[in-house]
Amino acid sequence: MKNILMIATGGTIASKEGDLGLTPAVTGEELAASVPGIKDICHLEILQLMNIDSTNMRPRQWLMIRDAIMENYNNYDGFVVLHGTDTMAYTASALSFMLENLSKPVILTGSQLPIGMLRTDGKENLITSIEIAAAKHPDGTAIVPEVCIFFENHLLRGNRTTKINAENFNAFRSYNYPSLATAGIHIKYEYDRIHKANPNVALKPHYLYDTNVVILTLFPGIQENMIRNILHTPGLRAVVLKTYGSGNAPQKPWFIDLLKEATDRGIVIINISQCSTGSVEMGRYETGLHLLDAGVISGSVSYTHLRAHETE
């Protein structure tokens with residue numbers, strides 16, 4: 001029997017209707033009790049870390065989740081994090097970088113309807129997430145040793161996932177990376193897509209983070225003073241620049257000059273596309289080459305390239 005730790009943080013799955021609308025009020029123990037079949041899958045223990053709406057999730061709470069996993073890492077075969085849907089993808093992405101060399105599953109899930117509602121999607125999401133967290137190869141290693149989101153029959157890589165629907169049960173999608181598993185009558189794992197853990201490398205937690213980051217979305221007619229004010233925000237360390245198409249931006253001299261001035265000051269600017277699918281190719285059009293000349297980094301470059309840039 002596998003040992004699984006369920007970390008409850010709140011969200012819709014744990015909500016009840018109150019005077020001010022849905023509010024997280026159901027404990028992790030109550031959530032587990034609503035799905036009695038869990039005891040046939042694993043030995044489940046519950047840690048009530050917080051009980052909040054995920055719109056109130058902050059980096060400080062990410063650290064709490066990471067610490068809970070680290071403190072209990074050797075005692076459990078896998079972890080399930082119950083989380084609100086609004087910021088679940090942010091938390092999953094953050095945890096994937098905070099837990100380097102992960103060799104056990106960390107599965108985030110939740111629901112679009114509270115667990116107490118008749119048509120809730122929470123029970124299916126919860127029990128399947130637990131089953132995935134407990135799944136092992138014949139040699140005893142975890143089938144899914146990475147941070148993932150399970151929602152509406154699909155297991156998605158955590159740092160590739162976006163919430164795309166506020167009303168339907170299929171709330172999440174991974175546009176540029178396929179599903180790692182699909183749950184039907186059986187759970188079908190796509191083994192070639194799943195990260196392979198290195199048993200000779202220890203888990204390495206990361207404790208430092210910097211929130212002095214801004215997302216800058218371009219649009220036709222954006223004004224120079226807007227961009228200037230953003231790039232001169234006190235303490236700014238990095239900008240995620242959401243450009244057009246395959247990484248293109250206006251060729252206006254003032255725009256390129258502002259970007260060049262910012263990168264010269266040590267501000268990291270990453271170019272990503274506003275498109276849901278596809279990748280940035282900054283050498284494809286002249287409008288992308290100007291960004292390269294200004295010191296902007298392509299969002300599709302390798303991790304090694306980024307590390308080299310950081311040490312220069």
Side-chain angles (χ1 to χ4, degrees), residues 54-55 57 59 84-94 96-97 108 147 149 151-152 154 156-168 170-179 209-233 236-263 265 267-303 305-306 309:
S54 73
T55 56
M57 188 69 67
T85 60
D86 283 349
T87 62
M88 185 186 295
Y90 289 90
T91 299
S93 185
S96 73
F97 292 102
L108 282 80
V147 178
I149 289 176
F151 221 89
E152 184 63 7
H154 293 284
L156 308 173
R157 176 161 290 165
N159 55 29
R160 293 298 191 101
T161 306
T162 302
K163 184 176 181 181
I164 53 95
N165 201 312
E167 295 186 357
N168 294 337
N170 59 335
F172 292 90
R173 185 168 300 171
S174 174
Y175 285 103
N176 278 327
Y177 199 82
S179 300
Y209 66 89
D210 195 326
T211 57
N212 291 297
V213 179
V214 68
I215 298 174
L216 175 56
T217 303
L218 298 182
F219 58 88
I222 192 169
Q223 297 299 304
E224 178 179 355
N225 65 313
M226 297 177 183
I227 295 179
R228 183 183 300 278
N229 289 337
I230 290 172
L231 295 180
H232 285 85
T233 300
L236 183 66
R237 295 289 302 278
V239 177
V240 178
L241 182 66
K242 299 186 72 171
T243 57
Y244 308 123
S246 57
N248 305 310
Q251 293 178 262
K252 294 182 179 295
W254 62 260
F255 177 69
I256 302 301
D257 289 345
L258 284 175
L259 296 181
K260 181 68 166 60
E261 177 190 293
T263 58
R265 286 187 282 119
I267 295 175
V268 177
I269 303 179
I270 304 290
N271 180 9
I272 68 170
S273 175
Q274 296 177 27
C275 299
S276 297
T277 58
S279 62
V280 168
E281 298 179 66
M282 291 171 66
R284 186 176 181 185
Y285 294 94
E286 182 182 358
T287 48
L289 283 170
H290 284 295
L291 298 181
L292 277 174
D293 293 338
V296 175
I297 301 171
S298 171
S300 64
V301 299
S302 68
Y303 176 74
H305 184 121
L306 286 175
H309 178 82

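Heads up: numbering here begins at 1 and tracks the sequence.
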Requested in this report: Show your reasoning for whether side chain to side chain contact (heavy atoms under 4.5 Å, CB included) applies to V147 and L108.
Outcome: CA-CA 8 Å; V147 178; L108 282 80; 3.9 Å; yes

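- Side-chain atoms of S54 never come within 3.5 Å of backbone atoms of M57 as a donor-acceptor pair (strictly under, hydrogens ignored).
- In terms of the salt bridge (charged side-chain N to carboxylate O under 4.0 Å, His left out) criterion, residue partners of K260 (sequence neighbours excluded) are, by chain and number, D264.
- In this model, a donor atom of one side chain and an acceptor atom of the other lie less than 3.5 Å apart for N271 and T243.
- Residues that satisfy the side-chain contact (heavy atoms from CB on, under 4.5 Å) test with Y90, not counting sequence neighbours, are W62, T87.
- Put simply, CG on L259 and CG on D293 are 11.5 Å apart, with the number rounded to the nearest 0.5 Å.
- The distance from the CG atom of N165 to the OG1 atom of T162 is 13.0 Å, given to the nearest 0.5 Å.
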Could you list the donor-acceptor pairs under 3.5 angstrom formed between side-chain atoms of residues 247-258 and any protein atom two or more places apart in sequence or on another chain?
residue	atom	partner	partner atom	Å
N248	OD1	T287	OG1	3.1
Q251	NE2	E286	OE2	3.3
Q251	NE2	H290	NE2	3.0

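- Of the possible polar contacts, one joining the Y244 side chain to the F219 backbone as a donor-acceptor pair under 3.5 Å is found.
- Interatomic distance, I270 CD1 to S300 OG, rounded to the nearest 0.5 Å: 10.0 Å.
- For T85, the side-chain contact (heavy atoms from CB on, under 4.5 Å) criterion is met by M88, Q112, F151, K163, F172, not counting sequence neighbours.
- Contacts of L216 classified as side-chain contact (heavy atoms from CB on, under 4.5 Å), with partners at least two apart in sequence or in another chain: I222, I227, I230, V239, L241.
- Between the Q274 side chain and the L218 main chain, a donor and an acceptor come within less than 3.5 Å of each other.
- One distance of note links CZ of R228 with CD of E261; it measures 6.5 Å at 0.5 Å rounding.
- The main-chain N or O of A89 is never found under 3.5 Å from a side-chain atom of S93 such that the two would form a donor-acceptor pair.
- Distance alone, capped at 3.5 Å, is enough to place a donor-acceptor pair between the D210 side chain and the N212 backbone.
- Separation of atoms OG (S179) and CD1 (I149) is listed at 12.0 Å; rounding is to 0.5 Å.
- With values rounded to the nearest 0.5 angstrom, I269 atom CD1 is found 6.0 Å from T263 atom OG1.
- Judged by distance alone, with hydrogens and angles left aside, the side-chain atoms of N176 form a donor-acceptor pair with the main-chain N or O of G278 at under 3.5 Å.
- Q223 pairs by the side-chain contact (heavy atoms from CB on, under 4.5 Å) definition with N225, M226, not counting sequence neighbours.
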